[in-house]
Every structure is written in structure tokens, then in C-alpha cells.
There are 2 protein chains.
Amino acid sequence: MKRDSKLSGILHVLLHMAETESAVTSELMARAMHTNPVVIRRILSGLRDAGFVRSEKGHGGGWKIARPLTEITLRDVYDSLGAPQLFSIGNRTESPECLVEQSVNAALGRALEEAKALLLDRFGTVTLAQLGEDFHARMLASGKTIDLEQSHAI
Amino acid sequence: MKRDSKLSGILHVLLHMAETESAVTSELMARAMHTNPVVIRRILSGLRDAGFVRSEKGHGGGWKIARPLTEITLRDVYDSLGAPQLFSIGNRTESPECLVEQSVNAALGRALEEAKALLLDRFGTVTLAQLGEDFHARMLASGKTIDLEQSHAI
DNA sequence: TTTCATGCAACAGTATATGTTGCATGACTT
DNA sequence: AAGTCATGCAACATATACTGTTGCATGAAA
């Protein structure tokens, strides 16, 4: 399975949005991320529906974060994406007749459930504000500067 | 991403092998699992190299488990498969220039590492013998019988 | 009215897991 | 020795899901 990078991508985009007051267009974000504007809009649409960001059309339009960064957790973002599959391994058959396969599914399922619970719990404890602080610390340490376009140049 | 069911499949096959003394051919296992013999050989090849099963060619040939079921854990089986990817979510870019993306990767990476450690730890505590016991308990409870071919009939 | 931006649907590209075919190799049977 | 049965392996085909692209409609600002 190709690895799903929507969560990684959307967090990246959100933190960049957090660094500026004005609205950011999907076109600008797409250039920065080396991808397509439609991809940006697609991954942001769930967050808009959930009220975490707002989008405006027309001149001066674009995207803005609609809630304090301290009130948005990675879990919120993950859920807004539609809570995509976490694991790339899974059961061969979900409702098997075979009793052997039922035993296998049960054992694997328990372990996967525990790991999922842990992961989502961790997501719930990390806010965008924390990620922003971490970013600023890295910026200080490296002496680099903020520039949505420059910082992503090859 | 299509979900990887090799671990699920190989455990299924191993438990069936455990139910009989004689060698089991990949052709028989494939019929039981509604798949292709080559697929069975492919997922078993790693376990053979690791010494958990043995294969014999020719008349009366096939596959046998080479170690006590109490000494084979799900972790062993997982490792023998080549320790495939566990998660279907991942970073957009593994070694990003962008400091924002570095922060995102670090946060996601920590959570994923913890979940991975928990999952592999659980795998390490479950043996094929335990799965076999669970299967026998289910068989008693249901009144069904063991038959590699019958138990998988549609 | 023009320009700019999002919204959305449909389609193309790509990566990975699984399935299939063909042939070589080796072991047992007759 | 010849025939049969089974694995070993490489190459190719298929299926699925993530990502990228195009086209057009909608709405807001200049």
C-alpha cells in the first residue's frame, strides 16, 4: 500500500498558515509543498467542515485558521481527515467461517486495537501550538528565517 | 493502499499445518485459502529460511512445522516475513529541508514509534501454541470439526 | 465586467499487494 | 531409467488506493 501522507501534509500546511495573519491561497501552499492546489483544498475541506479553518473566495481570499492553536490537537486533525486507516497490515478476511482464521483475527485484532488506542491517545495530547513552538525552537537553533516560498526551495 | 494480509494469511496456514502430522502441500493450502499455491510458497519462504518450517520436494513432500509451537511467537513470524510496514500513514518527506516539516515528522514519528513498540511487544507475547488453544476452544464451543478442505468450503 | 480564489467531479498516474504462468530442480514411485 | 509430484523462482498480470491533473461552476473583490 502506498503510504498515506495526508496527516503529515495537512499539519505542514496548518503550521505555515499559523505563521501569517493574512489568508493563504491553496495555490501558494501548493507551490511550497510541490504539489497541486486541488490536493491542498481536498485535504483542508474536512477541517473546514469541522470549523478548524475557514476559506474565502475571490480577491484576497484563501485559508485562515479559525481557532486558537492551543485548541487543535493532532487527533482533531486526524478525525477531520475522516480518521483514515492507521495500519497497513490487516486480516485476510473480516468475517471468516474458518475457526482458525477467527482465532488469528482475534489475536491480531487485540494487538492492533491496543496500538491504535495508544496512538490516538498520543495524537490527542499534541496541539498545533506545541508543534509551532517546536518549529520556532528549530528556527532559532538553525538561524534560518520564515518564508513560505524560500524555505521550500530545492 | 491495499492492506497487507501476509501475516494474517501465514498464521492461518501455520495453524492448519499444526493440526496434522504429515506434510501439507502448498496446493492443498491454496485450495483451502482460496488462493494460489505460489502465494503460499512465497509467504512461507521466509519462515523456511528462518528455520521455523521445512519444505520437501517430490512424492510425499510439502511443508511441516520444524519447531515446537510454544517456541514460535507472532513476532517471529512477523520478522520472518521481512518485518513489513505496520502503518499506512507516514511522513510526506523523510528528510525535509523545511523546519516546519521537521517538527511535524518528529511529532508523528514519536507517536508512531511508541505504537510500533507496543504492537511488536504484544506480538512477542503470543505463541502459535496459544492461538492453537484458542482455536480448539472455539471448536469445542461450536461443535464443528477439523477438516482443512471442508472448513473452508463456501 | 474582469480577475481571482474556492468547490467539486471526473479522469490519469503511480505504487504496492496479490494472483498467475512457465519452467527448472529434486525426490519418490514404478 | 522414466514418469509423477512437489517446491523454487522469475516474470508478468491484475486490483486497489493514494496522489496528481484538468475542466468548469460559483462567488467575491477590484
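Below, chain A is the first sequence line, B the second, and so on; all start at residue 1.
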Test: salt bridge (Lys or Arg N to Asp or Glu O under 4.0 Å). Region: residues 39-68 of chain A. Which pairs qualify, not counting sequence neighbours?
A:Arg67-A:Glu71

With the sugar-phosphate defined as primed atoms, P, OP1 and OP2, and the base as all remaining atoms, what B/S/- string results for nucleotides 19-28 of chain C, 5' to 3', for protein heavy atoms under 4.0 Å?
BBB---BBBB

Of all residues at least two apart in sequence or in a different chain, which pass the side chain to side chain contact (heavy atoms under 4.5 Å, CB included) check with A:Ala137?
none

Do A:Ser142 side-chain atoms and A:Met139 backbone N/O form a donor-acceptor pair below 3.5 Å?
yes

State which residues pass salt bridge (Lys or Arg N to Asp or Glu O under 4.0 Å) with A:Glu113; sequence neighbours excluded, sorted by chain then number.
none

Would you classify B:Ser26 as touching base, sugar-phosphate or nothing, given that sugar-phosphate means primed atoms plus P, OP1 and OP2, and contacts are heavy atoms under 4.0 Å?
sugar-phosphate

Would you jot down, in residue-number order, the residues of residues 61-68 of chain B having a non-hydrogen atom under 4.0 Å from DNA chain C?
none

Does A:His136 reach the main-chain N or O of A:Gly132 with its side chain, forming a donor-acceptor pair under 3.5 Å?
yes

Under the side chain to side chain contact (heavy atoms under 4.5 Å, CB included) test, residues paired with A:Asn91 that sit two or more places apart
A:Glu94, A:Asn105, A:Leu108, B:Ser8

Using a 3.5 Å distance criterion without hydrogens, assess whether the side chain of A:Tyr78 forms a donor-acceptor pair with backbone atoms of A:Pro84.
yes

To the nearest angstrom, the CE-C1' distance between B:Met17 and D:dT7 comes to 13 Å

The complete set of salt bridge (Lys or Arg N to Asp or Glu O under 4.0 Å) pairs with one or both residues in residues 120-132 of chain B, sequence neighbours excluded, reads A:Glu114-B:Arg122

Is the phosphate of D:dT19 approached by A:Ser5 (side-chain N or O, under 4.0 Å from OP1 or OP2)?
yes

It should be established whether A:Ser55 places a side-chain nitrogen or oxygen under 4.0 Å from OP1 or OP2 of nucleotide C:dT6.
no

Under-4.0 Å side-chain N/O to phosphate OP1/OP2 contact, A:Arg48 with C:dC8:
yes

Please report the distance, rounded to the nearest Å, between CD1 in A:Ile40 and C1' in D:dT19.
12 Å

Let me know the distance between CD of B:Gln85 and P of C:dA15, rounded to the nearest Å.
16 Å

Whole Å only: how far is the CD1 atom of A:Ile43 from the C1' atom of C:dT6?
15 Å

Atom-pair distance (CG on A:Asp49; C1' on C:dT6), nearest Å
13 Å

I'd like to check the side chain to side chain contact (heavy atoms under 4.5 Å, CB included) partners of A:Thr93; sequence neighbours left out, ordered by chain and number.
A:Pro96, A:Glu101

Which residues pass the side chain to side chain contact (heavy atoms under 4.5 Å, CB included) test with B:Thr125, not counting sequence neighbours?
none

Expected output is a numbered-order residue list: members of residues 74-81 of chain B with a heavy atom under 4.0 Å from any atom of DNA chain D. What is it?
none

Sequence neighbours excluded - salt bridge (Lys or Arg N to Asp or Glu O under 4.0 Å) pairs with any residue from residues 5-14 of chain B
B:Asp4-B:Lys6

Give the rounded distance in Å between these two atoms: CG of A:Asp4 and P of C:dA15.
16 Å

Give the rounded distance in Å between these two atoms: CZ of B:Arg3 and P of D:dA17.
11 Å

Test: salt bridge (Lys or Arg N to Asp or Glu O under 4.0 Å). Region: residues 74-85 of chain B. Which pairs qualify, not counting sequence neighbours?
B:Arg75-B:Asp79

Find the distance A:Leu86:CG to D:dC18:P and express it as a whole number of Å.
12 Å

